[in-house]
Structures are given as C-alpha cells and as structure tokens.
2 protein chains.
Amino acid sequence: MNIKEVAKRANVSTATVSRTINNTSFVDPKTAKKVWKAIDELGYHPNTHARSLASGRSRILGLIVSDIVNPFFPELVKSFEDVVTQHGYEILIANTDYCATRMALCVKRMVERQVDGVAIMTSEMDGASIEALAHKSIPMVFLDVGTVGHLVSNINIDYAQGIDEAVRHLLGLGHRRIGFISGPNNLKSARIRRSAFIECLDKYGLVENEQLIFAGNHKFDGGLAAMHHLLTAERPPTAVLASNDLTAFGAIRAIRLAGLRVPDDVSVVGFDDIDPAHFAEPPLTTVRLSRSDLAEKAFHALMYSVNISTPAGREFVVETHLVVRESTGSVPLDE
Amino acid sequence: MNIKEVAKRANVSTATVSRTINNTSFVDPKTAKKVWKAIDELGYHPNTHARSLASGRSRILGLIVSDIVNPFFPELVKSFEDVVTQHGYEILIANTDYCATRMALCVKRMVERQVDGVAIMTSEMDGASIEALAHKSIPMVFLDVGTVGHLVSNINIDYAQGIDEAVRHLLGLGHRRIGFISGPNNLKSARIRRSAFIECLDKYGLVENEQLIFAGNHKFDGGLAAMHHLLTAERPPTAVLASNDLTAFGAIRAIRLAGLRVPDDVSVVGFDDIDPAHFAEPPLTTVRLSRSDLAEKAFHALMYSVNISTPAGREFVVETHLVVRESTGSVPLDE
DNA sequence: CTCTCTCATGTAACCGCTTACACCCACGAG
DNA sequence: CTCGTGGGTGTAAGCGGTTACATGAGAGAG
C-alpha cells in the first residue's frame with residue numbers, strides 16, 4: 001500500500017496525491033476529493049520514513065531529559081507532547097540518567113533520526129554535543145540555563161522569584177535558621193538555585209551559615225543524607241528549602257527518623273511541585289515550576305528557529321511561584 | 001555526509017560500506033578497517049530513515065502505556081529502554097491517557113513509523129487496533145491480560161500471588177474486615193485483581209462484604225473518594241487493599257482527613273511498588289510488580305515473533321510479591 | 001594449463017515519497 | 001488571431017540506504 005496505488009485508483013499522478021495530502025500547492029477541489037476517497041478506501045497511511053527521507057524534515061522534535069523517573073519529567077513529557085502533537089509534530093524522548101556517556105548517545109540518536117529540533121533539560125550537554133547538533137543545523141532550546149547562540153534558544157527559569165517567595169513565607173512564620181539542600185554542585189541550574197537562596201538571605205538580613213547548606217543529588221536518598229547531616233549541626237535549621245521535591249521527600253524522611261515532626265519541629269519546602277507533592281503526607285509546600293508553560297515556550301522557540309531561517313536563538317522566561325501546603329508551619333515555641 | 005562519501009574515501013563501493021556497518025556478509029578485515037577509518041574521519045552516521053525505507057525494518061519498538069504520569073510507567077519505560085537499547089533497538093513511547101481516541105492515534109503512529117513490534121500496557125486496545133497492527137504484520141505483546149493469538153503474545157501478571165500474600169499478611173496482623181479499592185470496572189486487569197481478592201477472602205474463610213469493596217480510578221483522587229466512602233460503612237474496614245499505589249495514597253489521605261492514623265487505625269496495602277511508595281509517609285506496604293522483569297519478557301516476546309517467522313504468540317508469567325513496610329500494623333485493640 | 005568453485009566486492013534496482021521542472025490549456029489583452 | 005499568463009497536473013530525478021545479482025580473482029583439481 002503506497003502512494004502509487006492511491007494515484008492509480010484516483011487516476012492521478014503520485015505528485016498530485018502528495019500535493020493533496022500535504023496541500024503544498026493548489027489542487028482542484030474535485031481532484032482532491034477523488035484522492036481522499038481513494039486514500040480512505042485503501043486505508044492508506046504515508047510512510048514516514050520515505051517522507052522524511054525525501055523532504056529532509058522528519059516532523060519529530062527531540063526531548064532530552066536527565067531522569068525520566070523523577071515525576072517532573074513525565075509531566076513535562078506530557079505537556080510537551082500535547083503542544084507538539086497539536087501542531088503535527090511527534091516527540092522523541094531520550095533519557096541521559098545524569099550520565100555524560102548516555103548524553104552523547106542521545107545526541108547521536110537525535111542526529112540519526114534527523115529531528116527538526118531538540119529541547120534539552122539536562123546539564124550533561126557539553127560543547128561537543130551542541131556543536132554536533134548545530135553542525136546538522138538542528139535548532140536547540142535549553143529549558144533551564146544556557147546561553148543563546150547560533151541555533152540555540154534559551155528558556156530562563158526564574159528560580160530567584162520562587163525562592164524569594166519561599167524564604168519570605170518562612171520568615172513570616174518566624175523562621176530565622178533556614179537550611180538549604182542544593183542539587184549536585186556540578187549542575188549549573190543547581191548552583192543558580194543555591195546562589196539565589198544565598199542572595200535572599202542577604203536581602204532579608206540573615207547571615208549565611210555554611211553549616212546550613214548541604215548538597216544533595218536531586219533524588220530521595222540525597223535529600224535524606226543531606227538532611228541527616230543538617231540535623232547534626234550545632235543549632236539545626238528550623239526550616240529547610242530543598243532544591244527539588246524528591247530531595248524534600250528525603251529530608252522529610254530524615255526528620256522523621258530523627259524523631260522530629262514536619263512541620264511542627266522542622267518546616268520543609270520543595271521545588272518543582274511534582275504530582276506526588278500534593279499527595280504526600282503532609283502535602284508539600286513547594287515552588288511550582290509550570291510544565292505546560294515550559295513546554296509551550298520550548299515549542300515556540302524551536303518553531304521560531306525552524307520556520308524563520310534566522311539561525312539566531314531567542315530568550316524566554318518562565319516564572320516560579322510558591323504553593324503553600326502543609327509541610328511548613330510556625331517556628332517552634334522554644335526557639 | 002552519506003554512505004557515498006564514505007565509500008569514496010575508503011575506495012570501496014557503497015555496498016561494502018553497508019555490509020561493513022551491518023556485518024551482513026563477509027568483508028575482508030583489511031577493507032573493513034579502511035571503511036571504519038573513513039567513517040570515523042568523516043563523523044558519519046547512517047540515516048535511519050533511509051535505512052528503514054530500504055530494509056523494511058525500523059529497529060524501533062513501540063511502547064503504549066495508559067498514563068505516563070503514573071510513576072509506574074516511567075519506571076517501565078526506563079527498564080524497557082535499557083533492555084531494548086542493549087540489543088540495538090530504539091523505543092517509541094505513546095501515551096493513551098486512558099482514552100480510546102488517543103489509543104487509535106497511537107496505533108496509527110506505530111503503523112506509520114513502521115515499528116518492528118509493540119508492547120502494550122493499557123486496556124484501551126480494541127479489536128480494530130489489533131487488526132490494524134496484525135494487518136501490517138507487526139508483532140504485539142500485551143503486558144497485562146490478553147489472549148495469545150496470531151502475532152500477539154501475552155505476559156500474564158500473577159496478580160493472585162501478590163494479593164494472596166497481602167491478605168495473609170493482614171490476616172496475620174489480626175485483621176478481619178479487609179476493604180478493597182478496585183480499579184475502574186471497565187478495565188480488565190482491574191476486574192482480575194478484584195476477583196483475585198474475592199477468591200482470597202473465600203479461601204481464608206472470610207465473607208465477602210459488598211460494602212467493603214469500592215471502585216477507584218487508579219489515581220489519587222479516586223482512591224481518596226473510594227476510601228472516604230468505605231469509611232462511612234457501618235463497620236469500616238480495619239485494613240484496605242488498593243489496586244494500585246496511587247489509589248493507596250489517596251486512601252491514606254482520606255483516612256487522615258477522617259482523623260484516623262495509618263497504620264494505627266487503618267492499615268493500607270498498595271499495588272505496583274512505584275518509587276514514591278518507599279519514600280511516602282509512612283512507607284507503603286505494597287505488592288511489587290517488577291518492571292524489569294516485565295520489560296525483559298516483553299522484549300523477548302517481541303524478538304521471538306520478529307526473528308522466528310512463526311506468527312504464533314507465546315505466553316509468559318510475571319510474579320508479584322508483597323513488600324512489607326510501615327503502612328500496615330496490628331488490628332486496633334478495641335476490635 | 002584450464003576449469004570450477006568460492007570468496008570478496010561492485011553494480012544497480014528499488015524502498016515510498018517530495019519537488020523542480022515541463023507541460024497543457026483556458027482566458028484576457030493587444 | 002496571436003501571445004502572454006497562470007492555474008492544475010504530470011514526469012522524473014533524487015533523498016540515502018539495502019540487497020539481489022553479476023563479476024573478478026585466486027585456489028585447488030584434473
């Protein structure tokens with residue numbers, strides 16, 4: 001079942017069938033009708049490989065993430081898929097697992113599949129990979145932190161905004177010793193969150209205390225270990241900000257294991273607002289980073305590069321906002 | 001950059017290059033070396049579209065799931081991706097969102113992309129879709145419940161085993177009124193879990209009590225609503241089995257909202273053992289369904305159909321086992 | 001020394017589609 | 001009546017691989 005058979009049945013040339021399907025040029029409505037009828041009757045589906053090969057465009061957009069198992073990413077995948085399919089594109093998902101080697105494989109896949117663009121939310125991306133994609137004229141958009149450049153757009157997440165809201169929230173509850181569990185130090189976006197936090201302390205007249213800042217790994221176990229460490233400080237924090245929700249869950253576990261309660265003894269704030277945050281016990285106060293906003297802007301950034309022949313990238317901003325739930329409360333009375 | 005340039009540089013024909021890459025027939029080691037050298041120097045990657053078009057095989061396996069946001073599925077995706085990439089395949093993910101219309105679109109995508117096989121873990125699959133795939137000679141494997149047939153294999157999940165362990169565990173803790181929150185009734189696998197539970201009651205001499213069985217929707221809100229309902233029974237259950245973990249989380253929330261504690265007042269058992277189960281508060285006692293086991297068997301089932309020209313499907317079994325954590329405890333003293 | 005036979009390689013058709021280009025025809029202007 | 005003009009369609013050359021078939025070079029047998 002191919003375009004030739006459709007052409008034969010409709011009594012037209014394959015070119016006309018192709019033009020009808022893609023409406024790339026004017027086709028007499030009567031002819032078009034015949035063609036669609038033939039397509040229907042034969043149950044014809046164009047072969048995407050042949051299509052991509054002939055046209056040079058695959059109508060696929062890649063999405064590279066660092067950890068498909070962190071609920072943030074499936075949620076992002078879903079949002080991205082929604083907007084992308086609405087516009088006739090498909091999505092190719094790749095998972096780096098925080099590993100540079102796998103990152104390289106992901107890029108290789110993207111090149112081989114000739115994706116029309118790729119959205120990247122992971123920090124394993126290095127110069128060589130960017131170069132490899134740029135060399136094939138594949139537009140990129142970084143959903144995190146990056147630099148706009150040739151073929152690469154950037155979506156800046158306004159971490160500072162959400163962190164500021166979180167810190168103000170905690171200050172309002174009377175907290176003065178606020179801890180911070182950062183992401184892995186080699187992760188640029190993690191460093192940004194960390195410095196946003198430190199700036200905040202400064203802004204509100206709190207002194208930075210090295211003992212109250214500790215690195216996790218953006219996963220449960222890292223949060224657990226980090227919080228465990230923070231609790232051993234001379235004067236442990238009465239509230240803690242975690243650099244993502246999984247870390248916050250780990251922190252909560254550590255607090256419980258130490259025989260303390262959340263939020264009665266220690267308040268916890270997460271970051272991302274993944275689904276499990278609202279069904280956790282207690283429901284997690286966290287900074288929401290909108291997946292749909294991110295996905296939409298990523299798509300537009302890519303489309304911009306695909307359609308406009310200008311290879312220059314563009315810049316976007318996604319805001320973040322605090323969502324108050326039940327993992328934060330007033331500072332303990334004895335403080 | 002294409003195979004011709006490689007051929008020219010290595011002073012051989014394109015056929016030899018192709019044969020070297022795919023080692024589909026003997027190539028003189030010296031020649032092969034030259035070819036690989038040229039490939040390296042030029043940074044050549046074969047174009048997958050051209051490859052698929054010419055060979056008729058895409059080296060892509062599809063994976064259709066019902067809800068990418070339920071953590072069970074990303075975990076399955078990861079496992080499946082691991083085994084699949086080890087064997088030189090790639091994976092195309094499709095998400096039905098529990099919706100029949102989207103299911104049809106997913107199947108269309110699979111056909112258009114000419115996947116070499118598809119693994120299906122969703123119940124939206126209907127006869128027409130199976131027919132569509134079979135018509136294109138695409139092997140299928142159902143990771144759930146299905147019937148083995150022409151080109152379709154099946155992986156039976158031994159729900160009864162895990163549910164039996166769970167019920168015995170609860171009986172051992174002294175529970176006699178055990179509730180059950182099932183999945184949506186239109187879902188075959190949900191009905192199977194439900195009847196496995198009922199058979200269990202019978203086996204251990206408990207009477208089935210209609211009031212203690214209520215349907216959820218395999219999501220948090222459904223579990224919440226169902227548990228809320230169960231708690232209004234004349235004599236509410238002292239323990240509850242949920243048909244998946246998200247449902248269990250919802251149930252726990254309902255229990256807390258009613259002013260009761262888990263496990264002191266009501267014990268809760270989940271199903272799946274998704275990641276969040278072990279970092280929930282309290283850590284969830286649940287029945288583990290191994291993703292890697294599932295993924296591996298799915299892959300082998302598909303490979304069997306792809307390699308052996310026999311279009312007959314095969315049958316596999318995946319076991320399930322109880323994982324005891326902290327959401328279950330002894331029946332309250334006043335019972 | 002010639003004849004097979006085998007192994008390694010080359011030649012070229014083909015996979016299913018897109019698209020540049022050529023073509024035809026109808027129509028209005030000169 | 002001839003000559004653009006442009007809309008609608010067909011022809012055919014690719015896109016970048018795979019693979020059936022042809023070919024040529026040695027090796028061993030007679």
Side-chain angles (χ1 to χ4, degrees), chain A residues 1-36 38-39 42-60 88 90 108-109 111-116 136-138, chain B residues 1-36 38-39 42-60 88 90 108-109 111-116 136-138:
Chain A
M1 173 48 40
N2 58 29
I3 204 172
K4 268 191 199 164
E5 295 186 42
V6 175
K8 195 194 289 177
R9 182 169 192 116
N11 252 314
V12 296
S13 70
T14 61
T16 299
V17 176
S18 174
R19 285 192 277 251
T20 306
I21 292 174
N22 304 303
N23 69 156
T24 44
S25 89
F26 251 71
V27 175
D28 187 310
K30 278 180 200 165
T31 315
K33 207 165 179 178
K34 276 196 304 184
V35 172
W36 285 118
I39 288 174
L42 295 172
Y44 167 75
H45 292 299
N47 177 317
T48 50
H49 299 297
R51 230 211 256 249
S52 305
L53 181 58
S55 70
R57 280 167 296 117
S58 63
R59 301 232 125 210
I60 299 179
E90 278 183 31
K108 188 166 152 254
R109 278 176 66 191
V111 170
E112 285 179 354
R113 294 258 169 241
Q114 313 220 114
V115 297
D116 292 343
K136 297 282 178 181
S137 306
I138 298 176
Chain B
M1 173 50 40
N2 58 28
I3 203 172
K4 270 189 196 162
E5 295 186 41
V6 175
K8 195 193 290 176
R9 182 169 193 116
N11 252 313
V12 296
S13 70
T14 61
T16 300
V17 176
S18 175
R19 285 191 277 251
T20 306
I21 293 173
N22 305 302
N23 68 158
T24 43
S25 89
F26 250 71
V27 174
D28 186 309
K30 280 181 199 166
T31 315
K33 207 166 179 178
K34 276 196 304 184
V35 172
W36 285 118
I39 288 175
L42 295 171
Y44 166 75
H45 292 299
N47 177 315
T48 51
H49 300 296
R51 234 212 258 246
S52 304
L53 179 59
S55 70
R57 281 167 294 117
S58 63
R59 300 232 124 210
I60 298 178
E90 278 184 30
K108 187 166 154 254
R109 279 176 65 190
V111 170
E112 285 179 352
R113 295 256 170 243
Q114 313 220 115
V115 298
D116 292 343
K136 298 281 178 180
S137 305
I138 298 175

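Protein chains get the first letters and strands the later ones, always in sequence-line order, with residue 1 at the start of each.
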Give the C-alpha distance, both sets of side-chain angles, the deciding distance and a yes or no for side chain to side chain contact (heavy atoms under 4.5 Å, CB included) between A/N2 and A/N47. CA-CA 8 Å; A/N2 58 29; A/N47 177 317; over 6 Å; no
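Atom CG in A/N22 sits roughly 11 Å away from atom P in C/dC17 (whole-Å rounding). A/I21 has its CD1 atom 14 Å from the P atom of C/dG16, to the nearest Å. If you take CD of B/E112 and P of C/dC15, they are 20 Å apart, rounded to a whole angstrom. Atom NZ in A/K4 sits about 6 Å away from atom P in C/dC15, given to the nearest Å. Remark: C1' of D/dG16 and CE of B/M1 are 12 Å apart, rounded to the nearest angstrom. As a whole-Å value, the separation of A/N23 CG from C/dT19 P is 13 Å. Computed from coordinates, the A/K8 NZ to D/dT11 P distance equals 14 Å when rounded to whole Å. Here D/dG16 presents its C1' atom at 14 Å from CG of A/N47, a figure rounded to the nearest Å.
Within 4.0 Å of B/V27, counting heavy atoms only, lie sugar-phosphate atoms of the nucleic acid but no base atom. A/T31 comes within contact range of the sugar-phosphate backbone alone, with a heavy-atom separation under 4.0 Å but no base atom that close. Residue A/T16 is in sugar-phosphate contact alone, with no base atom involved, counting any heavy-atom pair closer than 4.0 Å across all strands shown.
At D/dT9, none of the side-chain N or O atoms of A/S13 fall inside 4.0 Å of OP1 or OP2 (strictly under the cut-off). At least one side-chain nitrogen or oxygen of B/N2 sits closer than 4.0 Å to the OP1 or OP2 atom of D/dG16. Between B/R57 and the phosphate of D/dT19, there is a side-chain N or O to OP1/OP2 separation shorter than 4.0 Å. Contact annotation: A/T14 side-chain N/O to C/dC17 OP1/OP2 distance is not under 4.0 Å. Side-chain nitrogen and oxygen atoms of A/R19 include none within less than 4.0 Å of the OP1 or OP2 phosphate oxygen of D/dG8. Note on A/S55: every side-chain N or O is 4.0 Å or more away from OP1 and OP2 of C/dT18.
For the salt bridge (charged side-chain N to carboxylate O under 4.0 Å, His left out) condition, no pair includes a residue of residues 50-60 of chain A, sequence neighbours left out.
Each of B/A15 and B/L53 was matched to the nucleotide of DNA chain C holding its nearest heavy atom; the match closer to the 5' end belongs to B/A15. Residue order along DNA chain D, read from the 5' end via each residue's closest nucleotide, puts B/H49 first among B/T24 and B/H49.
No donor-acceptor pair under 3.5 Å is formed between the side chain of B/T14 and the backbone N or O of B/I3. Under the 3.5 Å distance criterion, the side-chain polar atoms of A/T48 are matched with a main-chain donor or acceptor of B/E112. Distance alone, capped at 3.5 Å, is enough to place a donor-acceptor pair between the A/H49 side chain and the B/R113 backbone.
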